[in-house]
Amino acid sequence: MDDMPPRAAERLRFDFPQEERRWQRAWDERGCFRVADVPAGDRPKYYVLEMFPYPSGKIHMGHVRNYTLGDVVARYRRARGFNVLHPMGWDAFGLPAENAARQRGIHPARWTRDNIATMRAELQRMGLSLDWSREFATCDPAYYGHQQALFLDLLKAGLVDRRESWVNWDPVDGTVLANEQVVDGRGWLSGAPVERKRLSQWFLRITAYARELLSALDGLGRWPERVRTMQARWIGRSEGARLRFALVAPAAGPQGAIDSVEVYTTRPDTLFGMSFLAISPEHPLAAAVASRDQDAAGFIAECRRLGTSEATIEAAEKRGYDTGLRVRHPFDPSCEFPVWIANFVLMDYGTGAIFGCPAHDQRDLDFARRYDLAVVPVVLPPSADPAAFTIDDVAYDGPGTIFNSDFLDGLEVDAAKSAAIARIVELGVGEGVENWRLRDWGVSRQRYWGCPIPIIHCPACGPVPVPSAELPVRLPDDVTFDRPGNPLDHHPTWKHVACPRCGAPAERETDTFDTFVDSSWYFARFCSPGADVPVDPAAARHWLPVDQYVGGIEHAILHLLYARFFTRAMHATGHLSIDEPFAGLFTQGMVTHESYRTSDGSWLYPDEVERRADGTAVRRGSDEPVAVGRVEKMSKSKRNTVDPGAIIDRYGADTARWFVLSDNPPERDIEWTEAGVAGAFRFTQRLAGLAASIAEVAAPAVAPDPLSDAAMALRRQTHRTIAAMTEALDQFAFNVAVARAYELANAISETTAAAPGDAGLGWARREAVETLARLIAPMVPHLAESMMAVLRPDEGALVAEMSWPEADPALTATLSVTVAVQVLGKLRGTIILPPGAGADAAFAAAEAEPNVARALAGKRIVKRIHVPDRIVNFVVAN
RNA sequence: GCCCGCCUGGCGGAACGGUAGACGCAGCGGACUUAAAAUCCGCGGCCAACGGCGUGGGGGUUCGAGUCCCCCGGCGGGCACCA
């Protein structure tokens, strides 16, 4: 940052510290960005929303990019005549606040509120066109109280379950961990080995909407294909069969005798290739076996210790325990197969039991090889020799013809699936089903800093909803973090209440909601943030769905899927009248930066590094060499971050905004470079200078007639730029819009030396620079205001309130076109023609072009191709 | 392992199947200046240069391919014992 631009105001054409504050105040005083919950008038609505931030401390460059993109859309739509809703709030509950409390003794509420104050000030300095009157934080009782009411409505509607499930339990911290919080089988904070534990949890029944959530993806035309695909796979519909395998001898279990095992399969066509049946260690039959078999119990306990962490599962080899039980094949009861407990069978998917067909499933094959089980091929690949076809270490899962399979012999795979299901139904042992990978959403968290679940547990009545008059159930402030576990659970009085139903002593639910619940409906609350119900129906009807949602791809699945589910659930409970919350979704790329390390391996911030002219890097103010690492996502751990606050101090908000928009398409990763920022800064200064120099020259109020050629040429450039930038902004091609703005600025600069006596040109230059100010206003709003204020000092009109420029079709039409002339597809010259010139004229002009004539000399023209205003191509032969 | 992206000058990137490299960054040359910074003007894919070669590599479709199709390679991302 040695080449820092001058800070002295007198050297700035665009004195950003002063000008940016000036316009932010002006917008605020005029209430430019405020809208009513249910607006009067007939302007069409447009709801622009960026994913609201978690108040972690300061804003980072990812926020700058996210909120700049959204602000461009908001300001552009406003200029296009829409009544734009563009709100901001805080996703304020979460674990980091509790960690701060444990580590630094700051109360989570205080920590969160302080961060919000800091970050709000930073966002306001960016000049975002937000309606701050709608701001809320999810930790406001006024917000989470309505969330509690929503939950009770979902409960009434049958969309909530309470049931036991297996969880990752950290015995030291005394809390449930998400799968992502289990690292190598240990708790990420405590380092203690994670246990599998069954716990009663609240579930939201998202699976009730699995089919709709999948099929409605087709209607989300303004969503990235990638996100839709990821969601579709997450929901994971498959078709197959459920069928029961009868045990040869029933097994005695705690809940009575078990006489069969139900299995889910997508490959009923391979049933004759079966060699074993495998159940999950968490399967009830496994528990039944373990109750009288020490070794089985030991095996199950060992599996449990490994936890559910995906990484652990991946590392684990396939292992099993032969229970000694046997099942009969449903198609041939004389055939019996062993029942194994296998560590690779998941209780949560299908029925928690599979039949193993090693020849045609890789996992089954690995298992069979390890335990020396039979491998019977039943699908013959096309044109393979049945006598010679064998399976070694690779299962065959491709197409083919069934063999070794009794009544299925000779059928292709698909036909065999149907025939097998038909037989399963006929025998009364099962049916064809569709199966979903999506599971119900467990929302209970043993944490303090979250929305309390509004339930009271009564020994007599069971779980009882908190009466709506008693909402919100507020978090107590006087909690302590001096021991592990949930502070709500330790609180001396908070949880002890009377049962609302029978009055007997009862206990509050001490779990709080997963914070993804908070973000699943905030977009609806923004429509009427002061309403005394979760959402005001009229406001929601007016504003929803969100027309353009902007955020990071990292939320492609969870947040966006939960919000889609919540919208449907809120429709079912009468709060909303739509099913899809986000009509358009844009996912932006990450902000990246080079990373730097010293020879002892410690990371350095960009500010601590100095680049030498020879390309090497050293620690600032020393000769200590620094290794320049790869360009990667800005992160605190790699210290390759740039603080937006410092950038705005030094260069201004508009420079930061212009830079994040200008360098590459918004969906791609952007590399933050000091040189790029300096370039953006120069542009803001140059435009301000351009506006000032044009303002100094008196120009006629109306266009002289006729205009000089130079004036007409500039006017045409101006109006072509309007058309081009409009198209670019419509398509989120902000980098292209930036390029078009540069072109117009360059064109205006080039007229400086033109004849001073040309009044028409003076008029055209004013038109050009005023138009440019309005065109760049969505991207650099303060600069645009400053330019306009210089150009029209007496009017006091705000660009923020001006309409979008309109291109005059008479001026965007071209007067002449340059047509490329090819011979055999190779460019040989260009000709200039009037637009719409006919083929004959084009051919004649083309053949007359000297370079083309030379290429055609001595050749016979076989074919002439003419694409009007584009190209002429001669196909020749010798 | 499966799925999805992406690959164009020194760099970021433009380009309805129709003049590849718009625009910017960095660079070079010049003007201004005692000098520097800033600013302004100009140049710029590569090569044996009236021509030829060029959008990761190889094939194909087409009058014409960065763009469409097939194969291969590389980079990035997502999912992952999902039966």
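Residue numbers begin at 1 in each chain, while the letters A, B, ... track the order of the sequences.
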Can you measure Ile235(A) atom CD1 to rC82(B) atom P for me and round it to whole angstrom units? 19 Å

Could you go through the side chain to side chain contact (heavy atoms under 4.5 Å, CB included) check for Trp658(A) and Ile776(A) one step at a time? CA-CA 9 Å; Trp658(A) 188 253; Ile776(A) 60 173; 4.3 Å; yes

Regarding the side chain of Pro665(A), the nearest nucleotide among rC23(B), rG13(B), rC82(B) is rG13(B)

Distance between the P atoms of rC69(B) and rC7(B), in whole angstroms? 14 Å

Classify Asp366(A) by what it touches in the nucleic acid, base, sugar-phosphate, or nothing, heavy-atom distance under 4.0 Å. nothing

Within the structure shown, what part of the strands sits under 4.0 Å from Val263(A) by heavy-atom distance: base, sugar-phosphate, or nothing? nothing

Arg370(A) and Arg319(A), any side-chain heavy atoms less than 4.5 Å apart: yes

Indicate, with a heavy-atom threshold strictly under 4.0 Å, whether Tyr264(A) touches base, sugar-phosphate, or nothing. base

Rounded to whole Å, please give me the gap between CD1 in Ile557(A) and P in rG78(B). 10 Å

Looking only at atom C1', what distance separates rG9(B) and rC46(B), rounded to whole Å? 9 Å

Same-atom distance (C1') from rG13(B) to rU61(B), integer angstrom: 29 Å

Is any side-chain N or O of Arg668(A) closer than 4.0 Å to OP1 or OP2 of rG12(B)? no

Among rA22(B), rC82(B), rG64(B), which is the nearest nucleotide to the side chain of Arg363(A)? rC82(B)

Over 60° means perpendicular and under 30° means parallel, so tell me whether His559(A) and His555(A) are parallel, tilted or perpendicular. perpendicular

Which listed nucleotide (rC40(B), rC81(B), rC82(B)) is nearest to the side chain of Asn343(A)? rC81(B)

Residue Arg437(A), side-chain atoms from C-beta onward, closest of rC79(B), rG13(B), rC23(B): rC79(B)

Trp234(A) side chain: which of rA80(B), rG64(B), rC2(B) is closest? rA80(B)

As a test of reading the structure: which of rC63(B), rU39(B), rA22(B) is closest to the side chain of Lys863(A), going by heavy atoms? rC63(B)

Once you apply a heavy-atom cut-off of 4.0 Å, does Val867(A) come out as touching a base, just sugar-phosphate, or nothing? base

Looking at every strand, decide which applies to Ser662(A) at a 4.0 Å heavy-atom threshold: base, sugar-phosphate, or nothing. nothing

Under a 3.5 Å cutoff, is there a donor and acceptor pairing between the side chains of Ser238(A) and Tyr264(A)? yes

Taking the side chain of Asp663(A) as its heavy atoms from C-beta onward, which of rC63(B), rG12(B), rA22(B) lies nearest to it? rG12(B)

Can you check the distance between rG56(B) and rG66(B), where both ends of the measurement are the C1' atom (answer in whole Å)? 12 Å

Tell me what Gln822(A) touches on the nucleic acid: a base, only sugar-phosphate, or nothing, going by heavy atoms under 4.0 Å. base

Any side-chain N or O of Arg242(A) below 4.0 angstrom from OP1/OP2 of rA83(B)? no

Could you give the distance separating rA80(B) and rG27(B) at their C1' atoms, to the nearest angstrom? 48 Å

Find the distance Arg226(A):CZ to rC6(B):P and express it as a whole number of Å. 10 Å

If I pick the P atom on rG73(B) and the same atom on rC81(B), what distance separates them, to the nearest angstrom? 26 Å

Between rA14(B), rG12(B), rA83(B), which nucleotide has the shortest distance from any of its atoms to the side chain of Asp361(A)? rA83(B)

Rounded off to whole Å, could you give me the CD-to-C1' distance for the Gln231(A) and rC4(B) pair? 15 Å

Determine the interatomic distance between P on rG77(B) and the same-named atom on rU55(B); round to the nearest Å. 27 Å

Which is true for Arg854(A) with a 4.0 Å heavy-atom rule: it touches a base, it touches only sugar-phosphate, or it touches nothing? nothing

Arg682(A) side-chain N/O to rA26(B) phosphate OP1/OP2 under 4.0 Å: yes

Expected label for rG10(B) (glycosidic angle, syn inside 90° of 0, else anti) would be anti

Aromatic ring pairing Phe659(A)/Trp672(A), orientation class (parallel under 30°, perpendicular over 60°, tilted between): perpendicular

Geometric class of the His360(A)/Tyr396(A) ring pair [parallel <30°, tilted 30-60°, perpendicular >60°]: perpendicular

Could you give the distance separating rU8(B) and rC53(B) at their C1' atoms, to the nearest angstrom? 15 Å

With a non-hydrogen cut-off below 4.0 angstrom, is Asn735(A) in contact with a base, only sugar-phosphate, or nothing? sugar-phosphate

Side chains of Gln362(A) and Asp366(A): donor-acceptor distance under 3.5 Å anywhere? yes

Nearest-angstrom distance from the residue atom NZ of Lys826(A) to P of rG52(B): 7 Å

For Arg267(A) and rA83(B), give me the distance from atom CZ to atom P, rounded to whole Å. 11 Å

Full working for side chain to side chain contact (heavy atoms under 4.5 Å, CB included) between Val379(A) and Arg267(A): CA-CA 11 Å; Val379(A) 180; Arg267(A) 294 301 301 274; 3.8 Å; yes

The residue among Leu285(A), Ile354(A), Leu243(A) that forms side-chain contact (heavy atoms from CB on, under 4.5 Å) with Val261(A) is Leu285(A)

Most 5' of Arg439(A) and Leu827(A) on RNA chain B, judged by nearest nucleotide: Leu827(A)

Nucleotide nearest Asn851(A) when distance is taken to its side chain, options rC63(B), rG51(B), rA83(B): rG51(B)

Using the side-chain heavy atoms of Leu346(A), tell me which of these nucleotides is nearest: rG78(B), rA83(B), rC23(B). rA83(B)

Does the plane of the ring in Phe276(A) sit parallel, tilted or perpendicular to the ring in Phe367(A)? Use 30° and 60° as the thresholds. tilted

Determine whether any donor atom in the side chain of Arg228(A) lies under 3.5 Å from an acceptor atom in the base of rC4(B), or the reverse, and answer yes or no. no

Measure from CE on Met590(A) to C1' on rC6(B) and round the result to the nearest Å. 13 Å

Any side-chain N or O of Asn664(A) below 4.0 angstrom from OP1/OP2 of rG13(B)? yes

Could you spell out the base pairing of RNA chain B in dot-bracket, with Watson-Crick or G-U pairs whose two distances are under 3.5 Å, [ ] crossing and | to another strand? (((((((..(((.....[....))).(((((.......))))).(((...)))..(((((..]....))))))))))))....

If we ignore angles and hydrogens, is there a donor and acceptor under 3.5 Å between the side chains of Thr587(A) and Arg226(A)? no

Take the protein atom CZ of Arg237(A) and the nucleotide atom C1' of rC82(B), then report the distance between them rounded to whole Å. 15 Å

Does Thr818(A) or Asp348(A) map to a spot on RNA chain B nearer the 5' end, using the closest nucleotide for each? Thr818(A)

